[in-house]
Colleague: 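Pasting in a structure now, in C-alpha cells, and then I'll have a few things to ask.
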There are 2 protein chains.
Amino acid sequence: MAFRSEILIKLDKKGRVLLPAAFRDELPADDRGAFVLYHSPNLSGVVNGNSRAGFDAMLDRLRAEALGPKGALKVALDDEAFDPAGYLSASARTIAMEPDGRFSLPAEFASVLEVSDGVMLVGKGDKFQLWNPGRWQARRDTDRDKMAAFVRGLGGDA
Amino acid sequence: MAFRSEILIKLDKKGRVLLPAAFRDELPADDRGAFVLYHSPNLSGVVNGNSRAGFDAMLDRLRAEALGPKGALKVALDDEAFDPAGYLSASARTIAMEPDGRFSLPAEFASVLEVSDGVMLVGKGDKFQLWNPGRWQARRDTDRDKMAAFVRGLGGDA
DNA sequence: CGGGATGTCATGGGATAGCATGGGAATTTC
DNA sequence: GAAATTCCCATGCTATCCCATGACATCCCG
C-alpha cells in the first residue's frame, strides 16, 4: 500500500472529483468504497487523504506517542487537555465514493484548497494529498532544489 | 466506528437538534434509535455524546482500570466510596431520536452549552462533543497552535 | 506484425434519493 | 386546558445512482 505519482483531476460543475485508479488500487481490498480526507495539521491549503485503516493506524501511533500506553483512559475522559488525535478526527471526514471512484468534494476542503476546476492528487507513500495545482507546482519546484541539496549532502563520499 | 468532522446544526425554536447522518452512521447497527449524552467531567460548557454501547464500554474500562477487579466489587457494595463511573452515569441521559434523526435537547444540556440557535457537533473519534459554536471556534484556534507545536516537537528534525 | 475488438479510465449529465430544516397536527404532561 | 413533546408531512438542496462518451491501452487472432 503505497500512494505514488501526481495526477491532475477535473473538478466538475457538480463538485465531484475522481480518485484515480492508481490510488483506488492502494486502498485495502476489504474497504474500497470509502476513504478519509483531513486538513493538514500544519500546512494550510493542503488536504491529506488516506484509507480508513491508514488514518486510524496513524491516530493510534499518535496517541501512543503523545500519551504512552496508559494515557488511553485519561484521554477518553479529559476534555480539557489537548488531544492531537481528537483534533485530527475533528478535521477529518469519511468520504464515500460512487462505484466508479468519484466523490463530491466537501465545501470545507474545496475552500481551503481554493480549487475551482482542477485538483492535483499527489502520492506521498503512506498517504496522499490534494493540492491547488498552481500551489503544487510552486511547492514542487522548491522541493526539487531541496532534494538535490539533500542528496548532495548525504555522506558516503567521506 | 469513529466519529469524525465538525458540523454546525440548527437548534430550532422547538428545541430540536439533528444528529447528522455522518454520526448516525457510526452508531451500532442494532441500536440506531438512541444514544447517550453526558456532561464533560472536567470541561464545563461541553457535552459529550456516544452510542449506548460506547458509553458503557467506557464505564467498564473506567471501573477496571481505575479501581481494579476488586475495586469493582467494592464499589458495587460500598456507597460511601467515590465511584467515578457512577458519577458519570448520573450526569448522563439516554436520548431517543425520531426516525429522521432529530431529538429534543434536554434543557440541562442546552443551558450549560448556552446555545440558542445552533450547536456545533464535533467528532473526537471514540466519542463526539456538543459545543457552543463560538466557544468551539476559540478552542479550535488554540488547538491548531498546539497541534503545530506538537508536530514541530516530534523528534526526527535532526 | 497489424488492425479490429475489448476493456478500463476519466469525464459529462439527467434522474432520483437522502439530508437538514420548517411547520402543522396530534398526543402527552401536569 | 395550556404548554410542551412527539408524529408526520413538506421543501430546497446536495449527493448519489445510473447511463453515456471519447481517449487510450491491451488483447487476440489471423
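Sequence lines set the chain letters: A, B, ... in the order given, protein chains first and strands last, and positions in each chain run from 1.
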Colleague: Is there a side-chain contact between B:Ser104 and the phosphate of D:dT6, meaning an N or O under 4.0 Å from OP1 or OP2?
Modeller: yes

Colleague: Between A:Lys13 and A:Asp25, which is nearer to the 5' end of DNA chain C once each is assigned its nearest nucleotide?
Modeller: A:Asp25

Colleague: Roughly, in whole Å, what's the span from CG in A:Leu18 to C1' in C:dG13?
Modeller: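 To the nearest whole Å, that distance equals 16 Å.
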
Colleague: Looking only at side-chain N and O atoms, does A:Asn50 offer a donor or acceptor that is under 3.5 Å from a partner on A:Asp126?
Modeller: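 Not at all, the side chains of A:Asp126 and A:Asn50 share no donor-acceptor pair under 3.5 Å.
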
Colleague: Between A:Asp12 (CG) and C:dG14 (C1'), how many Å, whole number?
Modeller: 13 Å

Colleague: Please figure out whether A:Asp100 or A:Gly15 has its closest DNA chain D nucleotide nearer the 5' end.
Modeller: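 Mapping each residue to its closest nucleotide by heavy atoms, the 5'-most match is A:Gly15.
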
Colleague: Send over the distance from A:Met97 CE to D:dA15 C1', rounded to a whole Å.
Modeller: 15 Å

Colleague: Less than 4.5 Å apart, side chain to side chain, heavy atoms only: is that true for A:Lys127 and A:Met58?
Modeller: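 Contact flag for A:Lys127/A:Met58 side chains = no.
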
Colleague: Mark yes or no for a side-chain to base donor-acceptor pair under 3.5 Å between B:Arg24 and C:dG18, with no hydrogen or angle criteria applied.
Modeller: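 Answer no: no donor N or O sits under 3.5 Å from an acceptor.
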
Colleague: Hey, which of B:Asn48, B:Val47, B:Ile9 is the one that makes side chain to side chain contact (heavy atoms under 4.5 Å, CB included) with B:Leu130?
Modeller: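 In the set B:Asn48, B:Val47, B:Ile9, the residue that makes a side chain to side chain contact (heavy atoms under 4.5 Å, CB included) with B:Leu130 is B:Val47.
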
Colleague: Which residue, A:Lys14 or A:Pro20, contacts DNA chain C at a nucleotide closer to its 5' end, judged by nearest heavy atom?
Modeller: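 Checking each residue's closest nucleotide, the 5'-ward one belongs to A:Pro20.
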
Colleague: Report the distance from atom CG of A:Asp117 to atom C1' of C:dT11, rounded to the nearest whole Å.
Modeller: 13 Å

Colleague: Go through the steps to decide whether A:Phe35 and A:Phe103 satisfy the test ring pair (Phe, Tyr, Trp, His ring centres under 6.0 Å), and finish with yes or no.
Modeller: CA-CA 10 Å; A:Phe35 61 97; A:Phe103 61 95; 5.0 Å; yes

Colleague: Just how far, in rounded Å, is C1' of C:dG18 from CZ of B:Phe23?
Modeller: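 Nearest whole value for this atom pair: 18 Å.
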
Colleague: For B:Arg16 and C:dT21, what is the distance between atoms CZ and C1' respectively, to the nearest whole Å?
Modeller: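 After rounding, the reported distance stands at 8 Å.
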
Colleague: Could you check how far CE of B:Met120 sits from P of C:dA20, rounded to whole Å?
Modeller: 14 Å

Colleague: Judged by atom type as modelled, is there a donor-acceptor pair below 3.5 Å linking the side chain of B:Asn42 to the main-chain atoms of A:Asp79?
Modeller: yes

Colleague: Would you mind telling me which of C:dA10, D:dT16, C:dG12 lies closest to the side-chain atoms of A:Lys10?
Modeller: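 Comparing C:dA10, D:dT16, C:dG12 against the side chain of A:Lys10, the answer is C:dG12.
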
Colleague: How close or far is atom P of C:dT11 from atom CG of A:Leu19, stated in whole angstroms?
Modeller: 12 Å

